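Here is the structure we will look at, set down as structure tokens.
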Amino acid sequence: MSNRKKATKHTRQEAPLALRKRIPERGKFGFVLWNLFLLLIACAVLTWFTLRLSYSNLNPEIWLGYWEDLWIPAVNFMLIFSFCLVLFALLGRAWLAYLLTALVALGIALGNYYLIIIRTDALQFQDIICLPEALAITGEQGYELKLTPMVLGALAAALGFTALLAVLSRWRPRWSLWRVTGIALAAAILTGVLCFGLNEPGVALTKNYEHIDTWSVTEIYASRGVIYSFTRTIFTASGKPSGYSKQEAEALLNAYADEELPAEAVKPDIFVVMRESYADLSELKSDEGAIDFSCYDDYHALRNESVLWGNLVTNGFGGNTKDAERCFLTGNYLPRDWRRPVNSYVWYLKSQGYRAEGAHPFNGWFYNRLNVNRYLGFDDYRFREDGFDTLSGPDTVADDDVLYDVIMEQYQSHLAQSSAPYFSFSVTYEGHGPYSYTQNRYSGRYVLRNAAQSNGFAMNNYLGCCAKRDAEMKVLVDFLRSSERPIVLLTFGDHKATLGTDINNYTTAAYAAYGMDLDLSTEEGFFNYYSTDYVIWMNDAARRLYGVPEGEPRSGPTISPCYLMNVLFDTLDWGKGPAYLQAMGDMLESFPVYSTKGRVSADGKLGTVIPGPLVEQYHQMQALSYYWQTNFLYDEINETQ
């Protein structure tokens with residue numbers, strides 16, 4: 001035996017007695033049990049912290065519900081523990097398996113914790129795709145993600161157990177039949193937990209509604225624990241409806257036939273502006289004498305000379321801008337994150353001779369708009385990288401006035417080269433939160449009560465920003481008004497703004513301070529929370545074309561964004577249009593509001609359950625939406641682009 005081997009043997013024999021007692025002899029079955037025991041304790045503590053983080057700043061009584069029936073902590077624990085077992089079987093090191101498990105579990109729990117605080121929304125698997133955008137917007141907009149004692153405790157516990165496992169469990173098994181068997185067994189346990197938790201038995205046993213508002217999809221999510229609820233979203237991320245059949249969905253769509261726009265008719269130029277966080281708060285009931293709503297004078301003037309306006313019930317609050325824009329452009333109630341060309345109304349308009357352009361003053365990588373807008377059919381789309389910084393400065397995102405200058409320049413450039421009809425869809429950035437709650441940043445003073453308090457500053461800054469943006473839009477409207485070509489303008493807000501004071505009140509505190517009801521447990525509060533406006537305006541040339549006299553605008557239906565193109569087609573008297581739009585028109589008659597927040601408006605009532613006679617049509621809508629997003633129909637046009 002070499003001197004090195006002798007030395008090694010001597011070192012092992014002479015190891016301190018205390019250390020030898022802590023570490024069982026290698027190769028013994030008891031050592032495996034020792035590792036499993038340590039991991040079980042560590043994962044149990046990790047589960048405890050994820051449950052404490054699950055409900056964030058929501059009703060703390062949700063915590064009590066976890067322990068009234070132990071199925072919720074049990075399922076959350078088994079998901080964490082079985083995942084850790086798989087890693088341990090693969091890696092052979094308990095401390096590393098636990099560290100990776102803690103990184104995943106706490107990453108999910110903390111992401112959900114802060115997302116609820118910032119915009120009262122729960123973390124979904126598809127949100128992971130937007131992680132770079134979320135981090136960028138959080139840093140750029142100055143959200144204060146404070147490390148609370150609970151967050152620090154969770155991080156400290158994870159690091160502490162990792163260190164403890166590194167000391168108490170140093171063994172790394174060699175590859176053998178037993179280890180392969182262990183991997184298979186751990187994987188089988190994880191699979192069993194998933195099958196149980198994701199199917200009806202697991203969903204039923206983890207129902208925990210006693211301490212929550214069942215109108216709040218975020219509280220329903222939190223009530224089952226973040227690990228379990230997030231895991232469920234992994235398996236629903238594809239959006240494929242249960243029982244989906246491609247052949248049946250194709251037959252549903254083929255029951256309608258594409259119709260061309262009237263060939264003999266003059267096609268108007270269409271401008272669509274989706275406005276960041278814009279909503280008319282004067283429509284909400286508020287404390288008398290608390291706010292001067294003259295900030296909306298320019299907006300009300302535009303609305304009064306429009307041809308139609310109504311309420312839009314969005315799927316977001318304080319964020320998720322892409323949902324509203326892509327629902328409108330495609331007609332899908334639940335748009336996916338596309339990686340290839342996808343059916344849209346943009347493609348249809350191009351098939352009718354339109355050129356499609358647009359602009360957004362933020363980065364093209366955000367929400368992957370650079371690629372997605374191309375997949376949607378736009379001929380040209382300008383982003384921050386395409387010259388906005390030279391107009392507004394490199395350290396600021398362009399305000400609406402700069403964006404409108406770009407829109408007007410795009411249109412004039414098009415007219416200089418072509419007489420084809422024109423479709424423009426643009427998204428503003430000005431007005432993105434948060435709003436300062438320490439000082440007034442706009443000249444107007446619209447808050448008349450407690451104006452110098454934090455909620456007063458936040459509310460006044462929001463209203464002042466709206467007034468500034470309305471004045472900027474007036475310039476664009478006057479430009480469109482002066483055109484001899486018929487022009488139609490559609491503008492709508494993507495969602496309401498979060499208005500609050502600090503990390504625990506980024507969402508609705510300022511609304512409540514002035515008597516505005518955003519209580520999701522009531523129908524009025526639900527609509528107040530998620531509703532914005534849509535306005536359809538025509539210049540004089542378009543009014544003459546469609547025979548629309550001056551006068552009071554018509555009142556449009558209250559709808560979800562996926563139906564907004566239907567309303568525009570009806571306003572333009574364009575007939576039936578593409579087959580999918582016709583199908584959505586039938587859905588509009590039955591479900592004018594279909595919210596991804598668990599609410600649907602049917603038979604004139606808002607509820608959580610689809611009425612029995614409409615269940616089949618509801619499933620048809622789901623199938624059609626999925627088919628429309630996964631079977632591209634405009635290859636000929638795409639090949640020429």
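From a predicted model like this one, the values you see are computed outputs, not experimental measurements. By convention here, the first residue in the shown sequence is residue 1.
- By the neighbour-count criterion of 12 heavy atoms within 6.0 Å, atom CD of Glu288 is sparsely surrounded, having that number or fewer from other residues, nucleotides or ligands.
- The pair Asp379-Lys350 meets the salt-bridge criterion, since a charged nitrogen lies less than 4.0 angstrom from a carboxylate oxygen.
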Do Asn455 and Val447 pass the side-chain contact (heavy atoms from CB on, under 4.5 Å) test, and can you show the C-alpha distance, the side-chain angles, and the key distance before you say yes or no?
-> CA-CA 10 Å; Asn455 286 320; Val447 174; over 6 Å; no

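- The side-chain heavy atoms of Asn373 and Phe383, taken from C-beta on, include a pair separated by under 4.5 Å.
- The two atoms that bring Ala290 and Tyr514 nearest to each other are CB-CD2, 3.8 Å, heavy atoms only.
- Residues Ser555 and Trp309 form no side-chain contact, since every pair of their non-hydrogen atoms from C-beta on lies 4.5 Å or further apart.
- Checked by atom type and distance alone, the side chain of Asp400 never pairs as donor or acceptor with a backbone atom of Glu472 at under 3.5 Å.
- In this structure a side-chain-to-backbone donor-acceptor pair under 3.5 Å is missing from Asn311 to Ser531.
- For the atom pair CD (Glu357) and CZ (Arg355), the distance works out to 4.0 Å, reported to the nearest 0.5 Å.
- Annotation: side chain of Val266 is in contact with side chain of Pro486 (closest heavy-atom distance under 4.5 Å).
- No donor-acceptor contact under 3.5 angstrom links the side chains of Asp517 and Asn528, judged on distance only.
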Begin from the C-alpha positions of Phe388 and Phe362 and carry the test ring-ring contact (aromatic ring centres under 6.0 Å, His included) through to its verdict.
-> CA-CA 8 Å; Phe388 275 100; Phe362 201 54; over 10 Å; no

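- Annotation: Phe423 is not in aromatic contact with Tyr354 [ring centroid separation under 6.0 Å not met].
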Which is it for Phe317 and Tyr530 under the ring-ring contact (aromatic ring centres under 6.0 Å, His included) test, yes or no, and what are the steps along the way?
-> CA-CA 6 Å; Phe317 182 89; Tyr530 286 113; 7.0 Å; no

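- When only modelled atom types and interatomic distance are considered, Asp533 and Tyr299 share a side-chain donor-acceptor pair under 3.5 Å.
- The closest donor-acceptor contact from the side chain of Ser590 to the backbone of Met587 lies at 3.5 Å or more, if one exists at all.
- Ion pair Asp478/Lys474 flagged as a salt bridge, since at least one NZ, NE, NH1 or NH2 atom sits closer than 4.0 Å to an Asp/Glu carboxylate oxygen.
- Rounding to the nearest 0.5 Å places SG of Cys562 at 9.0 Å from CG of Leu312.
- Of the possible donor and acceptor atoms, one in the side chain of Tyr296 sits under 3.5 Å from a partner among the backbone N and O of Leu281.
- With hydrogens and angles disregarded, a donor-acceptor distance shorter than 3.5 Å links the side chain of Ser418 to the backbone of Ala420.
- Within the 4.5 Å cutoff, side-chain heavy atoms of Tyr113 are placed close to those of Thr148.
- Atoms CZ and SG, from Arg469 and Cys466 in turn, are 6.0 Å apart once rounded to the nearest 0.5 Å.
- Under the 4.5 Å side-chain criterion, counting only non-hydrogen atoms from C-beta, Leu572 is in contact with Tyr546.
- In summary, the side chains of Gln417 and Ser413 do present a donor paired with an acceptor at a separation below 3.5 Å, with no hydrogens or angles considered.
- When only modelled atom types and interatomic distance are considered, Asp494 and Thr321 share a side-chain donor-acceptor pair under 3.5 Å.
- For the atom pair CG of Asp292 and CZ of Arg449, the computed distance is 14.5 Å after rounding to the nearest 0.5 Å.
- Taking 4.0 Å as the cut-off between side-chain N and carboxylate O, Glu409 and Arg382 count as a salt-bridged pair.
- Nearest heavy atoms, Cys465 versus Glu430: SG-CG, 4.3 Å.
- Checked for salt-bridge contact, Asp280 and Arg303 meet the test: a charged N lies under 4.0 Å from a carboxylate O.
- A donor atom on one side chain and an acceptor atom on the other are not found under 3.5 Å apart for Ser277 and Tyr462.
- Within the 3.5 Å criterion, the main-chain N or O of Ser424 finds no donor-acceptor partner in the side chain of Tyr411.
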Would Tyr422 and Phe271 count as a ring-ring contact (aromatic ring centres under 6.0 Å, His included) if you check the C-alpha gap in whole Å, the side-chain angles of each, and the deciding distance to 0.1 Å?
-> CA-CA 8 Å; Tyr422 187 75; Phe271 288 78; 5.7 Å; yes

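- Between the CE atom in Met565 and the CH2 atom in Trp574 there is a gap of 8.0 Å [rounded to 0.5 Å].
- A heavy-atom distance below 4.5 Å is not found between the side chains of Glu276 and Val427.
- Going from atom OH of Tyr511 over to atom CG of Leu284 covers 8.0 Å, rounded to the nearest 0.5 Å.
- Looking at Val600 and Leu606, their side chains never come closer than 4.5 Å, going by heavy atoms from C-beta outward.
- Across Phe425 and Glu325, no two heavy atoms sit closer than the pair CZ-CB, 3.6 Å.
- In terms of heavy-atom proximity, Pro421 sits nearest to Pro268 at CB-O, 4.4 Å.
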What do the steps show when you test Asn320 against His495 for side-chain contact (heavy atoms from CB on, under 4.5 Å), and what is the final call?
-> CA-CA 8 Å; Asn320 202 23; His495 53 70; 5.8 Å; no

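- Side-chain contact between Trp338 and Arg326 is present, with at least one heavy-atom pair separated by less than 4.5 Å.
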Show the numbers, then the answer: is there a side-chain contact (heavy atoms from CB on, under 4.5 Å) between Thr428 and Val273?
-> CA-CA 7 Å; Thr428 72; Val273 177; 3.8 Å; yes

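- For the pair Trp537 (side chain) and Val477 (backbone), a donor-acceptor distance under 3.5 Å is absent.
- Under 4.0 Å is where a charged nitrogen must lie from a carboxylate oxygen, and between Arg481 and Glu305 at least one such pair does.
- No side-chain donor from either of Asp470 and His300 sits under 3.5 Å from a side-chain acceptor of the other.
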Hey, mind stepping through Tyr381 and Phe378 against ring-ring contact (aromatic ring centres under 6.0 Å, His included) and telling me if it holds?
-> CA-CA 7 Å; Tyr381 212 96; Phe378 284 98; 5.2 Å; yes

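- Looking at Asn460, its side chain does come within 3.5 Å of a backbone N or O of Tyr446 through a donor-acceptor pair.
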Would Lys468 and Asp399 count as a salt bridge (charged side-chain N to carboxylate O under 4.0 Å, His left out) if you check the C-alpha gap in whole Å, the side-chain angles of each, and the deciding distance to 0.1 Å?
-> CA-CA 10 Å; Lys468 177 178 180 293; Asp399 285 348; 3.1 Å; yes

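- Closest non-hydrogen pair, Tyr580 versus Gly331, comes out as OH-O, 3.2 Å.
- Under a 3.5 Å cut-off, the side chain of Asn461 and the backbone N or O of Asn440 do not form any donor-acceptor pair.
- Of all non-hydrogen atoms in Pro592 and Ser601, the two that sit nearest each other are CD-O, 3.3 Å.
- Although no hydrogens or angles enter the test, the distance criterion places no donor-acceptor pair under 3.5 Å between the side chain of Ser625 and the main chain of Met621.
- Between Tyr278 and Phe492, the ring centre distance reaches or exceeds 6.0 Å.
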